[in-house]
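Here it is, the structure in full.
One is the number of the first residue; the rest follow in order along the sequence.
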Amino acid sequence: MSDVETTLRGPEAYKIARRALDLMERHQIWPTALNFELWTHYVADPEGALAREIMRLISMGEPITEMLSEELAAAYLPKARLNEQIRDAGDLLSKELESVSKAIQNAQKTNAAFGKTLAGVSKDLDGPTGVESIKAVVTSLTDATRRVAKENKALETRLAESTAEVDRLREHLEQVRRDATTDGLTNLANRKAFDEELERACAEADEHGSAICLAVLDIDHFKGFNDTWGHQTGDQVIRYVASVIGRVAALPRFAARYGGEEFAMIFPGEAASIVNATLEEIRVEVSSRMLKRRSTNEDLGAITLSSGFAERRKGETAHSVMERADKALYASKRGGRNRVTAADTQPESANAA
């Protein structure tokens with residue numbers, strides 16, 4: 001999930017929505033669902049590529065028509081881009097299959113004609129035959145055989161080309177799938193991929209009677225840091241923390257950027273003590289490095305990380321174990337931050353701050 005989508009699922013969303021509607025009314029843009037999505041993204045990320053393009057169009061006096069809105073969505077909204085890529089790949093695959101179907105039909109027609117030729121030759125040979133008759137039969141068979149060989153060769157070539165094209169489309173769709181489940185800033189999995197993996201991991205754990213631990217990690221005081229140093233430097237910090245998490249998240253572990261400055265990890269089949277030690281390793285590494293602002297080389301100070309984790313109970317839902325890990329995270333926040341807390345050490349009635 002992008003930062004904009006995360007923002008639009010928080011308390012600021014109502015203010016952003018009202019501001020978007022005001023701007024749409026000011027510029028005489030109809031409040032269709034697509035336009036509303038475009039303009040909420042514009043308001044939520046005024047420095048983003050979409051906002052810059054909308055400002056450019058408005059400054060030029062360009063009317064924001066329905067067609068233009070669709071073009072903007074296809075270019076700048078992640079879901080629209082993904083749908084368009086899948087649709088394009090599907091169209092190419094349909095054309096490829098249609099072309100192969102025609103090649104097969106042509107080959108079938110040629111083979112059918114060859115069968116008729118053989119039947120005719122057989123009939124001709126049943127009667128009295130002279131040299132000239134035999135020559136005519138041989139010529140007819142030779143011509144028919146050449147036609148079949150030529151058509152079969154063309155079909156073989158077309159099938160080879162089609163196989164290569166289908167393989168290319170398969171690779172393209174796999175890349176689209178990876179893009180749809182990867183966070184663009186950190187290259188970790190995104191929230192959608194994480195939610196799906198957690199559901200899958202819970203089902204597998206129930207099937208095999210195995211354990212799962214789920215951890216939630218959050219950068220401390222990130223909002224104040226972002227306000228002080230700006231979003232670009234904030235992105236630098238998020239990428240750094242993600243790189244530390246990613247190094248210890250080799251399969252079968254699974255790590256994702258869950259939204260904003262929050263991360264989540266799944267530890268299949270690992271004991272709570274190992275999970276605790278791993279989260280401590282991440283926490284120590286993150287806080288031990290003094291970061292510098294790339295653009296000015298200014299010291300940013302130390303970054304700290306709070307974590308909470310829960311060991312899944314037998315039959316527990318993904319939502320429930322996530323809720324307990326979240327409570328453990330907030331216990332770390334309340335306890336002074338820069339620490340790891342296990343959910344089982346917290347009373348069931350603990351409330352998230």
Relative to Phe263, does Arg257 satisfy both conditions: NZ or CZ under 6.0 angstrom from the six-membered ring centre, and within 45 degrees of the ring's axis?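 Here Arg257 fails the 6.0 Å and 45° test against Phe263.
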
For the backbone of Arg337 and the side chain of Arg339, can you confirm whether one donor and one acceptor N or O come within less than 3.5 Å of each other?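 Side chain of Arg339 to backbone of Arg337, a donor-acceptor pair under 3.5 Å: yes, one is there.
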
Partners passing salt bridge (Lys or Arg N to Asp or Glu O under 4.0 Å) against Glu281 (at least two apart in sequence or in another chain):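 By the salt bridge (Lys or Arg N to Asp or Glu O under 4.0 Å) rule, Glu281 matches no residue at all.
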
Could you check whether atom CD of Glu280 has more than 12 heavy atoms from other residues, nucleotides or ligands sitting under 6.0 Å from it?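 Buried by this count: over 12 neighbours within 6.0 Å.
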
Are Ser306 and Asp220 linked by a side-chain donor-acceptor pair shorter than 3.5 Å?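 Short answer, yes.
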
pair Trp39-His27: side-chain heavy atoms closer than 4.5 Å: yes

Nearest atoms (heavy-atom pairs only) where Val216 meets Ala325: CG2-CB, 3.7 Å

Which pair of heavy atoms, one from Ala328 and one from Phe309, lies closest together, and at what distance?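 Heavy atoms of Ala328 and Phe309 come nearest at CB-N, 3.8 Å.
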
Suppose the criterion is side chain to side chain donor-acceptor pair (under 3.5 Å): which pairs have a residue in residues 240-249, not counting sequence neighbours?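 Only Arg247-Glu285 qualify under side chain to side chain donor-acceptor pair (under 3.5 Å).
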
Within a 6.0 Å radius of atom CZ on Arg253, are there more than 12 heavy atoms belonging to other residues, nucleotides or ligands? yes

Not counting sequence neighbours, which residues clear ring pair (Phe, Tyr, Trp, His ring centres under 6.0 Å) with His319? List them please.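 By the ring pair (Phe, Tyr, Trp, His ring centres under 6.0 Å) rule, His319 matches no residue at all.
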
Between NZ on residue Lys333 and OG1 on residue Thr341, distance to nearest 0.5 Å: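 With rounding to 0.5 Å, NZ (Lys333) is 11.0 Å from OG1 (Thr341).
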
Answer yes or no: does atom CD of Glu25 have more than 12 heavy-atom neighbours from other residues, nucleotides or ligands under 6.0 Å?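 For Glu25, atom CD is not crowded (no more than 12 foreign heavy atoms under 6.0 Å).
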
